[in-house]
Amino acid sequence: MSKKFPEYKGLDLPKVNNDVLKMWDDNDTFRRSLRSRDGKGEFVFYEGPPSANGMPGIHHVMSRAIKDTICRYKTQQGYEVKRKAGWDTHGLPVELGVEKSLGITREDIGSKISVEEYNAACRKDVMKFTDAWEDLTRHMGYWIDMDNPYITYDNRYIETLWWLLKELYKKDLLYEGYTIQPFSPAAGTGLSSHELNMPGCYKDVKDTTCIALFNLIRNGKSEFLFSDSDTAEVKIMAWTTTPWTLPSNTALAVGHDIKYARVRTTNPYSGDPLTVILAEELLPVIFAPDKKLEYTVTGTYRGSELKDIDYEQLIDWVKPDDGAFRVVTGDFVTTVDGTGIVHIAPTFGADDYRAGREHGVPPLLVLMSDGFQAPLVDRRGRMVPLEDLDQAFIATRVNTETYGPFAGRYVKNEYDESLPEGADTLDVDIAVMLKQQGRVFRIEKQVHNYPHCWRTDKPVLYYPLDSWFIRTTALRDRMIELNNTINWKPESTGTGRFGKWLENLVDWNLSRSRYWGTPLPIWMTDDRQEEICIGSLAELKIEITRSIDAGYMMHNPLANFVEGDNSAENYSLLDLHRPFVDEIILVSPTGRPMRREPDLIDVWFDSGAMPYAQAHYPFENKENFSEMFPADFIAEGVDQTRGWFFTLHAIATMISDSVSFKNIISNGLLLDKNGNKMSKRLGNAVDPFIIIDQHGADPVRWYMLTNAQPWDNLRFDLSGVEEVKRKFFGTLYNTYSFFALYANVDGFTGKEPQVPVERRPEIDRWIISLLNTLMKEVTERYDDYDITPAGRAISDFVTENLSNWYVRLNRKRYWGGGLDEDKLSAYQTLYTCLETVSILAAPLIPFLTDRIFVDLNAVSGRHSEDSVHLVAFPSYDKKLIDRHLEERMEIAQKISSMILALRRRVNIRVRQPLAKIMVPVTNGQFKKKFEAVRSLILAEVNVREVEYVDDTSGMLIRKVKPNFKLLGPRFGKKMKEAGAAILAMTQEEIAEFEKLGARNLTLDGEAYAITTDEVEIISEDIPGWLVANEGKLTVALDITVTEELLHEGIAREFVNRIQNIRKDSGFEVTDKIRVVIEELPSVAAAVRKHADYIAAQTLALDISLAPSSALTSPAVRETDIEDQMVRVLVMKV
RNA sequence: AGUCCCAUAGCUCAGUUGGUUAGAGCGCUACACUGAUAAUGUAGAGGUCCCCAGUUCAACUCUGGGUGGGACUACCA
């Protein structure tokens, strides 16, 4: 006895999940799949590291399903797809989580808790949910190597980061500069952008803005502006929304190519004559009609001509270093608002700082009593009080008379609790002061959106802080160029969101003033004159040795570290985190001590460096690095565009002049079923563990990937998962069960010699053709990283074609009799479909497909592999695709559905045979096609014969429809008219038109010739018949039920009833019976005539008729035939 | 504020290079089938293709401008 195909009681997907997982474990399937076949080589995939300090959510299932699908597909294609898991372990979320659980704030670190203890807590906390993550990974079927993950806090990982930073340093891409960071004077702390993006942080506030007037200095450079002016002074105007920064002004910026006008007008406050420069384009805005100011343009100039002109300091409180108060040019200057001239205060603006640096304009700094230089506003948000300033500095640089009244004032009233509401702001007072001096043109209140501190609810100040930057702007063009070679899914994220981001790139601020993260490997002398960037532990060890020699350190923490030994033990001899690195003091070339810059680096650098750091490059994997870089494929949520996607791209461009990834899918968000963001707080978050536990991973994956394109947001609705389960999984499983049931009965094993396809019946060749078409499409879609259409195509094939048409129409072929060639052909065809579908769908739904594959293969032994995931992805056979065959079957499906609809319309059930259908045929081709599927249709709709009607019969009503696509370009504006004329043709005209193949249309007295190729002629109706038409197809049904047909119908009814009775009575399918039917006039004749037929169908030895009185046995049943109750007795022999 | 995405039936989604009856599934209603049966089929109802303007003989489709939802980024004076 040969092996049987397993049959199951029902579809239990969670059980399939667990069984298959066990099978994978037992067979070590994942590890064995990691190999290259047919010399295909590597397909490089990068895993974006999640942070294990939070529980995984359902959205993680989404991106991981995408990643897994592609990786499994490529594996099946023969590539070796290594997948190293990774953990992102640094960063603010981790720190905030620890602070919360320890009940401390940032200020407590270093006092209530040591940095060492704090970081130890972070290190522990960050891997808190590792188990949950691994559990989810396993149960959702995400194949990734979790045994050897990369961990960003690992010393080896950090060593690579240091190496990268040093490479950037050597290329002069790493520099220290100001960054204008959100800073909360009220809280005394800087704010991260993530804190700034908390809801409610941005609020509309009303601030005082002013247009200030700067006096130009008359000298050789500016003479051309003065020589023909009738005023002694020529001024230049600049707009600001932050008048409190005006005392820190040291430059004015104009656009190089912007046109400026010199205008003669009057000062609106003093009425004095005024000659002033501003952008020509903005004249109508500044001198808007309602302002009632007269003006005359007395000259126009390009921005470049104004360059380097000197001007007087606007507010003479503090004297800056030499080189200030010049007009410079800047590419950031626009004429969208303001005056086309930008006030530059390098201490309070990023653009300002850069412009100042570029043109050698110094920032306005003050010398504090502690010897450090600082901006004119202190960290509490005050104009620096006089008592905080260095005395000598005050004596030489500060105008105490003018500055005195303003010193110590807060730049925003909100910072000063003592001020009454509505008190004048510093902005207002400065503006008023300028007004009195005739140095302001306009003062206005303006409402704008401004960020507030989430802790104190007070305005944030943008404040200059020392920071380290990566000069990403230097590589901007190259990044754009390289980005254009990346295959983005969807394309718009690459060209749009990401492309635009690159175009507007600013330098990457790397510094973070935190504790738990990768330390910046830069040591500096106190006067910041000497510095060193460390790029490896070996280098650090040498430097420490030198420091010990110089007497700055007592012992070397790296004393036992062995260079070149990459073992975990060797690297666990030390800790590169704070506070340990901070205890290392190095010695400068001139023998002075150097301390580490206290900053950490942005965690995004950690993750963006993973292509290098996961390999501990270049300390390891130096020779084979080209096999792991760049990635062929990555996938993450679209929210990573400016995060991981960018940092990967930036680092790869800067270090390797290469893309980091060649293909990318960025998926959208996962929302709840109402379209709201999922959040634990709202309680609408879906727990992936519960869902997978209850429904299995396959339906969840399938639903996520086929319901909508992955880059659209998905509204996750559980009923969608259930629908998919019923519709696709249920059908696929049923099809398998059907196959297994009969194959086992017939002893079909799949080992039989294949019936050549050309000898198989039309319908087998049809489904094989469709199957090959499917293979082609699915392969193309997967190759294009277009998962959704691939899945949908598989689903359509299984539910529509395989189950609903092929299996349904062929059921009879599997019943009874021996295993003849036709039956064998049917089994083999169905087997091939099931097996192929399991392979095609395996990347998407790895569990059920492996179950089906293994179950099939266990009997047939057709494959040597013990898992579908080890089997090569099949390629389609072009020779087996027969478009005409597919088209014919489509006609059959449509016609059948139309006839069934007609039957429904007149309420004649399908069991009642009907005599004939009529099909209009106006060309031989259609008739040939129809003829090929005739018997299928007739069987499906239970009709005896088909009659072809051509137009010579005169029975058809024809209709001409214009082909707009062809005629439109010809007729142009007359198309509407022409269309109407064509539709208006009479039956005679149509007949003639068709005979001649051409015809003249007369429009507006003009004749146009049209041919039958330019229209579509269909037979729409056959008068007197029941007709249906759809598109080009028309069919008529003869609904006359003759006595003969009626009898046959009745016979079929009896077959049906007797079968039901057999089943109800619990007879075996093979039991023989005797049947007695009540002799009633309405049925007796039919029963007599078709007794043999009924007997054959129901395995009855004989069918007899008897009067009602003879039917008294308790086994007698009553049944309704043709609205009449009939008694039937079925007895087992 | 900027950039990008989305908007088609009650719900979830298709809709090829613009072409004249805008589709599917679910749900609802009715019917049928019943040797795949805790399956299946057929039909019906259900649409201002978000709004406005433009291009065109022709717009769900292309262009512009809005509206609504979402994401990211954000001191450009």
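Proteins get letters first, then strands, A, B, ... in listed order; numbering begins at 1 in each.
Atom pair A:Asp717:CG and B:rG25:C1' shows a separation of 13 Å (rounding to whole Å applied). Rounded to an integer number of Å, the gap from CD of A:Glu800 to C1' of B:rA14 is 14 Å. For the pair A:Phe728 CZ and B:rU12 C1', the computed distance is 18 Å after rounding to whole Å. The distance from atom CZ of A:Phe498 to atom P of B:rU73 is 13 Å, rounded to the nearest whole Å. In this structure, A:Ile794 places its CD1 atom 20 Å from P of B:rG25, rounding to the nearest Å. To the nearest angstrom, P of B:rC5 lies 13 Å from CH2 of A:Trp488. One atom, CG of A:Asn734, and another, C1' of B:rA38, lie 10 Å apart when rounded to the nearest Å. Taking atom CG of residue A:Asp796 and atom C1' of nucleotide B:rC13, one finds them 12 Å apart after rounding to whole Å.
Nearest-nucleotide positions on RNA chain B place A:Gln709 closer to the 5' end than the other of A:Gln709 and A:Thr240. Residue-to-nucleotide proximity on RNA chain B shows that, of A:Trp711 and A:Thr735, the 5′-proximal contact is made by A:Trp711.
If you take atom P in B:rA36 and the same atom in B:rG44, they sit 27 Å apart, rounded to whole Å. With both ends at atom C1', the span from B:rG68 to B:rC50 equals 8 Å, rounded to whole Å. Annotation: B:rG66 and B:rU21 have their P atoms spaced 35 Å apart (nearest Å). B:rU16 and B:rA53: their C1' atoms are spaced 28 Å apart (whole Å). Between B:rC4 and B:rC49, the two P atoms lie 27 Å apart (nearest whole Å). The gap from the P atom of B:rC60 to that of B:rG2 amounts to 30 Å, rounded to the nearest Å. As rounded to the nearest Å, B:rC13 and B:rA7 have C1' atoms that lie 13 Å from one another. Taking atom C1' in both B:rC28 and B:rA45, the straight-line distance is 9 Å, to the nearest Å.
Under the 4.5 Å side-chain criterion, counting only non-hydrogen atoms from C-beta, A:Phe729 is in contact with A:Val724.
Both distances falling under 3.5 Å, in either a Watson-Crick or a G-U wobble arrangement, occur for no nucleotide opposite B:rU37. Pairing of B:rU20, defined by two Watson-Crick or G-U wobble distances under 3.5 Å, is not identified with any nucleotide. When both pairing distances are held under 3.5 Å, B:rU67 makes a Watson-Crick or G-U pair with B:rA7. Base pairing of B:rG44 is made with B:rC28, judged by Watson-Crick or G-U wobble geometry with both donor-acceptor distances under 3.5 Å. Base-pair partner of B:rA1: B:rU73 (Watson-Crick or G-U wobble, both distances under 3.5 Å). A 3.5 Å limit on both hydrogen-bonding distances identifies no Watson-Crick or G-U partner for B:rA59.
We find that A:Glu1053 and A:Arg1057 are joined by a salt bridge, their nearest charged nitrogen and carboxylate oxygen being less than 4.0 Å apart.
Distances from the side chain of A:Phe964 to the nucleotides B:rG19, B:rG27, B:rC13 place B:rG19 closest. If you check B:rU73, B:rG27, B:rU40 against the side chain of A:Trp501, the one that comes closest is B:rU73. Candidate nucleotides B:rU37, B:rC26, B:rA14 were compared by shortest atom distance to the side chain of A:Arg792, and B:rA14 ranks first. When distances run from any side-chain atom of A:Tyr742 to the nucleotides B:rA39, B:rG35, B:rG25, the shortest one goes to B:rG35.
Separating the CE atom in A:Met62 from the CG atom in A:Asn667 is a distance of 5.0 Å, to the nearest 0.5 Å. Atom OH of residue A:Tyr742 and atom CZ of residue A:Phe5 lie 15.5 Å apart, to the nearest 0.5 angstrom.
A:Asn804 comes within 4.0 angstrom of sugar-phosphate atoms only, judged by non-hydrogen atoms across all strands, and of no base. Here A:Phe739 lies out of heavy-atom contact (under 4.0 Å) with every strand. The residue A:Asn707 sits close only to the backbone: its heavy atoms come under 4.0 Å of sugar-phosphate atoms, none of a base. Residue contacts for A:Arg726: at a heavy-atom cut-off of 4.0 Å it reaches the sugar-phosphate backbone alone, with no base atom in range.
Side-chain N/O atoms of A:Ser803 and base N/O atoms of B:rA36 include a donor-acceptor pair closer than 3.5 Å. With hydrogens and angles ignored, a donor-acceptor pair closer than 3.5 Å exists between the side chain of A:Lys965 and the base of B:rU17.
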>> Is there a side chain to side chain contact (heavy atoms under 4.5 Å, CB included) between A:Thr647 and A:Trp508? Walk through the geometry before answering.
In response: CA-CA 10 Å; A:Thr647 56; A:Trp508 180 357; 3.4 Å; yes
> Are A:Leu246 and A:Leu434 close enough, and set up right, to give a side chain to side chain contact (heavy atoms under 4.5 Å, CB included), and what steps lead you there?
Replying inline: CA-CA 10 Å; A:Leu246 286 171; A:Leu434 291 173; 3.8 Å; yes
>> Checking A:Thr788 against A:Arg792 for the side chain to side chain contact (heavy atoms under 4.5 Å, CB included) test, could you report, in this order, the C-alpha distance in whole Å, the side-chain angles of both residues, the deciding distance, and whether it holds?
In response: CA-CA 6 Å; A:Thr788 306; A:Arg792 285 176 175 167; 3.7 Å; yes
>> What verdict does the ring pair (Phe, Tyr, Trp, His ring centres under 6.0 Å) test give for A:Tyr8 and A:Tyr733, after you've listed the backbone C-alpha separation in whole Å, the side-chain angles of each residue and the deciding distance to 0.1 Å?
In response: CA-CA 9 Å; A:Tyr8 299 93; A:Tyr733 159 79; 7.0 Å; no
